[in-house]
Amino acid sequence: MALTREQMAQRVARELEDGFYVNLGIGIPTLVANYIPEDMDVMLQSENGLLGMGRYPTEEEVDPDMINAGKQTVTARPGAAIFSSAESFAMIRGGHVDLTVLGAFEVDQNGNIASWMIPGKLIKGMGGAMDLVAGAENIICTMTHASKHGESKLLEKCNLPLTGAGCINRVLTDLAYLEIKDGTFILKERAPGVSVEEIVEKTAGKLVVPDHVPEMTFVEG
Amino acid sequence: MAGFDKRVASYEEAMEGIESGMTVLAGGFGLCGIPENLIAEIKRRGVKDLTVVSNNCGVDGFGLGLLLEDRQIRKILASYVGENALFEQQMLNDEIEVVLTPQGTLAEKMRAGGAGIPAFYTATGYGTPIGEGKEVREFNGRPHILEEAITGDFAIVKGWKADRYGNVMYRHTAQNFNPMVATAGRITVVEVEEIVEPGELEPGQIHTPGIYVDRIIQGTFEKRIEKRTVHS
């Protein structure tokens with residue numbers, strides 16, 4: 001079975017480490033915040049200028065001056081810091097954020113990512129994504145492995161305009177967890193019940209399959 | 001003797017001198033920390049062919065979205081647009097020129113503009129459509145593109161508290177682009193929720209020192225929320 005959005009978030013959360021500063025993009029990456037282990041302290045960075053993003057507010061706590069990069073109302077956790085956009089992107093570009101998680105339309109075997117623009121469709125902009133992929137050393141891309149029509153999104157070369165060049169080294173899809181190194185995808189784990197053959201079939205880019213590819217496990221509830 | 005007293009009495013006076021064809025830098029992220037009354041005054045004045053620099057372009061009927069209604073914006077530099085049906089329509093009809101700019105680059109362009117740095121190199125956007133046609137130079141084995149600074153004829157800013165001298169503090173994430181915008185205007189206008197006496201603000205807590213600010217005005221704010229999300 002392909003992973004659910006929640007399972008994808010759960011799997012990404014296993015890459016968190018105690019003391020990490022983390023930027024989570026919109027969509028599945030946002031859900032990762034729900035799976036931070038209780039014995040771990042992680043500080044979430046929101047690129048509109050908040051380090052230490054907390055939970056959503058109660059009705060009484062809602063404050064129009066307190067939002068995240070997705071423009072949602074949020075709270076600041078104890079120990080949070082708030083600053084300007086220039087300061088925020090100094091952190092991002094300067095490589096101070098330990099882990100960035102973001103979605104993508106396509107990723108290729110050379111670590112290129114396309115996530116912001118589909119020519120011919122309405123283009124809304126890249127927001128902070130280009131700065132994030134350029135600045136972070138440690139990025140996990142979350143995406144579906146293939147389109148609804150079965151076309152692979154893990155390619156030899158991205159078709160869509162890039163968000164960043166040579167910057168992605170880890171990808172979690174609904175079928176597999178992969179690394180990107182030296183111009184190839186390396187299959188590290190597969191979703192429960194998903195065969196290596198299916199992953200091979202749905203990966204258009206160069207893929208190295210080790211002898212043993214462990215299956216991910218998830219605790220129910 | 002006015003000295004350092006930057007207060008103006010009305011929004012009309014606050015935007016005195018704005019003309020068609022000018023470049024206006026605006027603070028705010030989404031609808032958070034936008035100079036909503038200064039934008040409304042620009043609408044009232046009806047000036048056209050504006051170049052606007054702002055992270056976003058408001059929503060239909062509020063914020064910078066107001067300036068779309070009478071086609072006052074000719075060109076916009078922003079990182080993310082399109083929460084806005086009128087904007088989409090004008091973009092598709094080529095009635096508005098959109099220069100999409102990575103968010104961090106946009107912030108840095110204004111920071112640099114206000115700080116007298118004409119351009120800077122960044123890895124952001126290299127190898128993407130944003131880097132096309134821009135000078136590339138390698139530093140530490142990595143290619144970077146040259147991005148030019150931005151300044152404006154007017155900078156419009158939303159602060160929380162200011163003193164008469166134009167020292168400004170922002171509240172929470174309503175800070176966002178406002179500090180950079182404040183530095184990069186030939187004329188910088190700040191609207192705030194409260195104007196206090198000099199000495200009331202802790203000097204070390206000031207976000208925007210008064211030297212950058214030309215006019216301040218106290219206003220009342222709707223502070224519309226774009227995505228109200230609550231804890232369940």
Side-chain angles (χ1 to χ4, degrees), chain A residues 46-50 53-76 80 82-93 112-114 116-117 119 122-135 160-167, chain B residues 27 29-33 55-56 78-83 88 91-92 98 100-108 110-112 122-131 142-144 160 170-181 207-208 221-232:
Chain A
S46 193
E47 64 266 25
N48 59 317
L50 171 60
M53 180 167 62
R55 57 164 172 72
Y56 294 124
T58 61
E59 283 289 351
E60 296 71 39
E61 288 171 330
V62 166
D63 184 337
D65 290 338
M66 197 65 220
I67 66 167
N68 65 16
K71 299 170 190 167
Q72 298 170 310
T73 46
V74 287
T75 58
I82 292 174
F83 34 82
S84 74
S85 300
E87 185 79 52
S88 182
F89 283 94
M91 291 172 195
I92 290 167
R93 256 190 262 97
N112 298 318
I113 172 172
W116 71 286
M117 178 185 183
L122 190 74
I123 295 153
K124 294 191 173 187
M126 69 294 283
M130 285 192 182
D131 305 279
L132 281 160
V133 298
L160 296 168
L162 297 185
T163 308
C167 47
Chain B
F29 186 99
L31 298 181
C32 181
N55 190 52
N56 316 93
S79 86
Y80 191 83
V81 292
E83 307 289 356
E88 291 180 11
M91 190 160 82
L92 292 170
V98 184
L100 291 171
T101 307
Q103 199 173 122
T105 296
L106 189 65
E108 193 64 12
M110 289 192 272
R111 198 198 69 79
T122 177
T124 302
Y126 172 77
T128 78
I130 300 308
R142 190 170 181 204
H144 293 69
W160 176 36
Y170 305 97
R171 187 170 174 274
H172 299 336
T173 61
Q175 181 174 165
N176 56 60
F177 280 82
N178 280 297
M180 287 75 67
V181 166
H207 293 115
T208 293
F221 299 84
E222 178 186 334
K223 292 196 187 181
R224 194 178 293 187
I225 293 175
E226 205 165 338
K227 293 181 186 171
R228 175 183 285 264
T229 318
V230 293
H231 182 63
S232 50

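Naming convention: chains lettered A, B, ... in sequence-line order (proteins, then strands); numbering from 1 in each chain.
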Item checked: Contact leader toward chain A among B/L31, B/V98, B/T101, where contacts are heavy-atom pairs under 4.5 Å -> B/T101
Notebook entry, point to check: Going through the distances and angles, do B/R228 and A/Y56 end up as a side-chain contact (heavy atoms from CB on, under 4.5 Å)?
Noted result: CA-CA 9 Å; B/R228 175 183 285 264; A/Y56 294 124; over 6 Å; no
Next item on the list: Determine yes or no for a side-chain-to-main-chain donor-acceptor pair under 3.5 angstrom, with A/Q72 supplying the side chain and B/T229 the backbone.
Entry: no
Next item on the list: Using non-hydrogen atoms and a 4.5 Å limit, figure out which bit of B/N55 sits close to chain A: side chain, backbone, both or neither.
Entry: neither
Note to self: Quick check for you: among A/A129, A/G127, A/A86, which has the greatest number of heavy-atom pairs under 4.5 Å with chain B?
What the structure shows: A/G127
Item checked: Atom group of A/N112 that falls short of 4.5 Å from chain B, counting heavy atoms -> neither
Notebook entry, point to check: About how many Å separate NZ of B/K227 and CG of A/N68, when rounded to the nearest 0.5 Å?
Noted result: 8.5 Å
Next item on the list: Could you tell me the separation between the OG atom of A/S88 and the CZ atom of B/F29, rounded to the nearest 0.5 Å?
Entry: 9.0 Å
Check: Picking from A/I67, A/T58, A/L132, A/V133, which has the most non-hydrogen pairs under 4.5 angstrom with chain B?
Finding: A/I67
Note to self: For chain B, which candidate among A/V74, A/T163, A/I92, A/D63 shows the most heavy-atom pairs at distances under 4.5 Å?
What the structure shows: A/D63
Next item on the list: Flag the one option from B/S79, B/G125, B/G127 with the top tally of heavy-atom pairs under 4.5 Å to chain A.
Entry: B/S79
Margin query: As an exercise: rank A/E47, A/R93, A/E61 by heavy-atom pairs under 4.5 Å with chain B and give me the winner.
Written below: A/R93
Item checked: B/Q103 portion near chain A, given a 4.5 angstrom heavy-atom threshold -> both
Check: Under the ring-ring contact (aromatic ring centres under 6.0 Å, His included) test, which residues partner B/H207, sequence neighbours left out?
Finding: B/Y170
Next item on the list: Begin from the C-alpha positions of B/R111 and A/E87 and carry the test salt bridge (Lys or Arg N to Asp or Glu O under 4.0 Å) through to its verdict.
Entry: CA-CA 10 Å; B/R111 198 198 69 79; A/E87 185 79 52; over 6 Å; no
Notebook entry, point to check: Under a 4.5 Å heavy-atom cut-off, does chain A meet the side chain of B/M110, its backbone, both or neither?
Noted result: neither
Next item on the list: Supply the atom-to-atom distance B/E226 CD to A/K71 NZ, rounded to the nearest 0.5 angstrom.
Entry: 4.5 Å
Next item on the list: Please check if any side-chain donor atom of A/S85 sits under 3.5 Å from a side-chain acceptor atom of B/N176, or the reverse.
Entry: no
Next item on the list: Please tell me if the side chains of B/P129 and A/W116 come closer than 4.5 Å, counting only heavy atoms from C-beta onward.
Entry: yes
Notebook entry, point to check: Got A/P57 and B/H231 here, is their nearest side-chain heavy-atom distance under 4.5 Å?
Noted result: no
Margin query: Tell me which one of B/T128, B/T105, B/T124, B/I130 satisfies side chain to side chain contact (heavy atoms under 4.5 Å, CB included) with A/M126.
Written below: B/I130
Margin query: Tell me which of these, A/I123, A/T75, A/D131, has more heavy-atom pairs under 4.5 Å with chain B than the rest.
Written below: A/D131
Checklist line | When B/M91, B/R171, B/R224 are compared by non-hydrogen pairs under 4.5 Å with chain A, the top option | finding: B/R171
Check: Atom OH of B/Y126 and atom CE of A/M130: how far apart are they, to the nearest 0.5 Å?
Finding: 14.0 Å
Check: Are any of the side-chain heavy atoms of A/F89 and B/E108 separated by less than 4.5 Å?
Finding: no
Item checked: Residue pair A/D65 / B/T173, side-chain heavy-atom distance below 4.5 Å -> no
